[in-house]
Amino acid sequence: MPTLTVYLLTSPNPATTLACHFGRQGIGLEETSEALASDSLFAALVAQAALSEAEFAADGAPAWAAAFARGEPPLRHSSLLPAVGGLPLLPRPLLPLRLPAQADVAAKQLKKLRYLSPRLFELACRGAELPAEMIALQQGKVWLSETEARQLPAPWKPASGESDAAWRARLRSTLLWQIDAIPRVTLDRLSAASAYYEVGRVVFAPGAGLSVLVAFHDPAAQPRFERLLTLLGESGLGGKRTNGYGAFSWQRSELILNLPEPHRRAVLLSRYVPTPDELALVRDAQSKYQLANVGGWFLAANGATARRRPVMMIAEGAVLAITDRLPSGRVIDVRPDDSVPHPVYRSGLALAVGVPGA
C-alpha cells in the first residue's frame with residue numbers, strides 16, 4: 001500500500017486565510033484556479049533553488065534539479081490540490097463510479113465532481129461501491145465520506161447539539177474556497193493616465209488550504225525539499241506575490257492508501273509526460289486520460305522574459321494500463337531556443353498510485 005508524505009499549506013498568519021493567484025494559460029489576470037499543477041510547482045521549486053543555493057550544474061541550472069533532469073528523481077510530487085481540515089483531496093480518477101442504488105445523483109452533478117476524499121478515492125480505484133452517506137461540498141466539486149467529515153476539526157465537524165440534518169446543510173452551504181476579482185488601477189508613467197483592471201484571487205476558508213503529496217525515493221532529499229518549501233512559503237507561490245498572495249506555512253503528515261496488489265492500472269496524481277519507452281501506456285485502449293497543452297512565459301536568469309515552448313501533458317486523474325511498474329515520466333527543457341543560456345525545466349515526472357485491475 002502506498003505511503004505518501006502530505007504537506008498541508010495554510011496561511012502563515014492564523015488571523016488570515018490563504019489567498020493565491022494561480023493564472024490560467026490564455027486567460028486574463030481576472031481568472032484564477034484553485035489548484036496549481038505539478039509542473040508549475042516544480043518550476044517554482046527550481047526557481048527558489050536558483051535564488052537560494054550557490055551550487056549550479058554545468059548547464060547553468062540549479063544543482064538541485066540535476067537528478068530530476070537525468071531521470072533519477074530523489075522524489076516525486078503531486079499537483080497542489082485543495083485540502084479541508086488537514087484532509088488532502090485527490091483528483092477524481094477517470095474510472096466509472098459505482099454509486100449505491102439509493103443515491104440520487106444526476107449526470108450533471110457528476111460532471112461537476114473534481115476531487116474525492118482519500119477514502120472515496122480508494123473505493124473508486126478498487127471499483128467498490130461508494131457509501132450511501134456521502135457529503136458534497138463546494139457545490140458538488142468535492143465529495144467526502146461521512147466518516148471522514150465527522151473526523152475533521154472545527155468548524156467542519158458537527159457542533160455540540162447540532163443535528164445531523166443541520167450539520168449536513170451547513171457543510172453543503174459552506175465554501176472551501178472562493179474566487180473573486182480584486183480591482184486594480186495602473187498609471188501610465190508619462191501621461192499619468194489611469195487604467196482599470198481586475199486580478200483574480202482564490203481565497204480558502206478558515207480550516208481549508210492546499211496540499212501536496214510527495215513520494216521520497218531518497219530520504220536524504222526530504223530536508224532539502226522542506227527547506228525549499230519553507231523559502232517558497234516566504235517568497236510566495238503563484239502570481240501577484242508583491243500584493244501579498246501566495247505566502248504560506250506548512251505542516252507535515254502521512255497518507256496511506258489502501259490499494260492492494262496486484263496493480264494493473266495506475267492513477268496519476270500529477271501531470272505526466274511519457275518517456276519514449278512509455279508511449280505504449282498511453283496508446284493502450286484501456287488507458288483513459290485528458291491532455292493539457294502547457295505553455296506560458298518564463299523569467300530567465302538575466303531578467304529577460306520569453307514564451308516557453310509549449311508541451312502536451314497528461315492531466316491528473318488519468319488512468320493508465322500498466323504491467324510491471326508505475327509510469328515514470330520525464331523533465332522537459334522548454335526554453336524556446338539556444339539564445340537562453342540555461343535550461344527552463346518543466347516536470348512531466350509522474351506521481352502515480354497503482355490500483356487493482358478490472
Side-chain angles (χ1 to χ4, degrees), residues 2 4 6 22 24 33-39 41 77-85 87-100 103-149 171-172 175-177 179 202 204 208-213 255 257-259 263-272 282 286-292 313-322 326-327 350-358:
L4 301 171
V6 180
F22 298 142
R24 297 165 61 189
S33 172
E34 76 279 359
L36 185 69
S38 56
D39 59 297
L41 177 58
H77 62 78
S78 71
S79 293
L80 201 56
L81 302 178
V84 52
L87 183 71
L89 300 177
L90 303 177
R92 173 192 174 179
L94 296 181
L95 291 167
L97 297 180
R98 288 187 57 195
L99 300 174
D104 184 16
V105 179
K108 289 184 178 179
Q109 293 175 288
L110 284 176
K111 288 183 179 180
K112 294 180 180 180
L113 179 60
R114 297 184 191 173
Y115 307 106
L116 295 175
S117 65
R119 173 60 176 161
L120 297 184
F121 180 85
E122 291 173 350
L123 295 175
C125 289
R126 287 155 50 186
E129 184 177 277
L130 300 184
E133 299 297 328
M134 291 185 297
I135 297 177
L137 304 178
Q138 199 67 23
Q139 300 171 338
K141 296 183 178 71
V142 176
W143 285 7
L144 274 67
S145 70
E146 181 176 349
T147 301
E148 289 169 310
L171 286 188
R172 285 195 296 268
L175 295 178
L176 301 181
W177 67 84
I179 294 177
V202 55
F204 291 89
L210 294 162
S211 64
V212 58
L213 310 180
L255 175 66
L257 295 174
N258 184 16
L259 297 171
H263 297 155
R264 295 291 179 262
R265 295 174 294 184
V267 175
L268 294 180
L269 305 180
S270 67
R271 283 181 174 173
Y272 166 58
V282 299
Q286 301 299 317
S287 297
K288 303 180 186 300
Y289 54 87
Q290 294 177 334
L291 296 175
M313 293 187 171
I314 295 176
E316 307 92 336
V319 178
L320 302 177
I322 60 174
L326 294 173
L351 177 63
V353 293
V355 301

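For Ser38 (side chain) and Ser78 (main-chain N/O), no donor-acceptor pair under 3.5 Å exists by modelled atom type.
Phe121 has its side chain within reach of Val353: a pair of non-hydrogen atoms, C-beta onward, lies under 4.5 Å apart. Looking at Leu113 and Leu97, their side chains come closer than 4.5 Å, going by heavy atoms from C-beta outward.
Annotation: salt bridge (Lys or Arg N to Asp or Glu O under 4.0 Å) contacts of Arg114 (sequence neighbours excluded): Glu34. Residues satisfying the side chain to side chain donor-acceptor pair (under 3.5 Å) criterion with Gln138, sequence neighbours excluded, are absent altogether. Judged as a side chain to side chain contact (heavy atoms under 4.5 Å, CB included), and not counting sequence neighbours, the contacts of Ala292 are Arg271, Val294. Applying the side chain to side chain contact (heavy atoms under 4.5 Å, CB included) rule to Leu81 yields the partners Ala35, Ser79, Pro91, Tyr115; only residues at least two apart in sequence or on another chain are considered. Leu326 pairs by the side chain to side chain contact (heavy atoms under 4.5 Å, CB included) definition with Ala266, Ile322, not counting sequence neighbours. For the side chain to side chain contact (heavy atoms under 4.5 Å, CB included) test, residues two or more places apart in sequence or in another chain that qualify with Ala136 are Trp143. Residues satisfying the salt bridge (Lys or Arg N to Asp or Glu O under 4.0 Å) test with Glu148, not counting sequence neighbours, are none. Judged as a salt bridge (Lys or Arg N to Asp or Glu O under 4.0 Å), and not counting sequence neighbours, the contacts of Glu146 are Arg150, Arg168.
Considering CG of Leu130 and OG of Ser145, their distance stands at 10.0 Å, rounded to 0.5 Å. Note that CD of Gln290 and CD1 of Ile314 are 11.0 Å apart. Values are rounded to the nearest 0.5 Å. We find the CG-CZ distance between Leu123 and Arg98 to be 10.0 Å, quoted to the nearest 0.5 Å. In this structure, CG on Leu171 lies 8.5 Å from CG on Leu144, to the nearest 0.5 angstrom. The structure places NZ of Lys288 at 8.5 Å from CG of Leu95, a figure rounded to the nearest 0.5 Å. With values rounded to the nearest 0.5 angstrom, Leu116 atom CG is found 8.5 Å from Leu89 atom CG.
Nearest approach of Val355 to Cys125, heavy atoms of both residues: CG1-CB, 3.4 Å.
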Chi angles and distances behind the side-chain contact (heavy atoms from CB on, under 4.5 Å) call for Val142, Trp177: CA-CA 11 Å; Val142 176; Trp177 67 84; 4.0 Å; yes
Could you please spell out the steps behind the side-chain contact (heavy atoms from CB on, under 4.5 Å) verdict for Leu213 and Leu255? CA-CA 8 Å; Leu213 310 180; Leu255 175 66; 4.3 Å; yes
Show, in sequence, the C-alpha distance, side-chain angles and deciding distance for Leu259 and Val267, and conclude whether the side-chain contact (heavy atoms from CB on, under 4.5 Å) test is met. CA-CA 11 Å; Leu259 297 171; Val267 175; over 6 Å; no
Assess whether side-chain contact (heavy atoms from CB on, under 4.5 Å) is satisfied between Thr147 and Arg119, documenting all intermediate values. CA-CA 9 Å; Thr147 301; Arg119 173 60 176 161; over 6 Å; no
